[in-house]
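Worksheet: one structure, shown below.
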Amino acid sequence: RVLFRSLFGKDTYRFEFRGGPALQYVMEKRSAAAWKAGADVRFSYVNQLTPRVGFKLEPSYQRIANAYNRLAADALLTIRF
């Protein structure tokens with residue numbers, strides 16, 4: 001997997017791009033089992049609001065040949081104790 005990271009504003013927020021190949025063993029009733037290749041791509045926006053509180057927004061896409069597609073978006077709020 002490859003990661004690209006860019007920091008802005010004295011490390012208060014950053015953008016990240018991660019992507020790479022995916023491999024999955026697929027066994028379906030209609031066809032023979034096989035290894036299938038695909039891709040996994042994620043883009044993140046991370047904002048450190050305060051030294052203890054952070055926010056992250058991360059859309060992602062995963063695909064394994066014609067067997068599996070997934071599009072998702074996560075939003076996280078973190079608080080350090």
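The chain is numbered in sequence order, starting from 1. Just the heavy atoms: all of them, side chains too, but no hydrogens, waters or symmetry mates, feed the values below.
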Would you tabulate the side-chain donor-acceptor contacts of residues 43-50 under 3.5 Å, counting partners in other chains and residues two or more places apart, or write 'none'?
residue : atom : partner : partner atom : Å
Ser44   : OG   : Arg18   : NH2          : 3.2
Ser44   : OG   : Glu58   : OE2          : 2.7
Tyr45   : OH   : Asn47   : ND2          : 3.0
Gln48   : NE2  : Thr50   : O            : 2.9
Gln48   : NE2  : Val53   : O            : 3.3
Thr50   : OG1  : Arg52   : N            : 3.3
Thr50   : OG1  : Val53   : N            : 3.0

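Considering only residues two or more places apart in sequence or on other chains, Gln24 meets the side chain to side chain donor-acceptor pair (under 3.5 Å) condition with none of them. Every residue two or more places apart in sequence or in another chain that forms a side chain to side chain contact (heavy atoms under 4.5 Å, CB included) with Ser60 is listed here: Arg42, Ala72.
Side-chain heavy-atom separations under 4.5 angstrom define the hydrophobic clusters, and the remaining members of the one that includes Tyr61 are Leu71.
A salt bridge (charged side-chain N to carboxylate O under 4.0 Å, His left out) check over residues 72-81, counting only residues at least two apart or in different chains, returns nothing. Annotation: ring-ring contact (aromatic ring centres under 6.0 Å, His included) contacts involving residues 16-35, sequence neighbours excluded, comprise Tyr25-Trp35.
Nearest heavy atoms, Ile64 versus Leu23: CD1-N, 4.4 Å.
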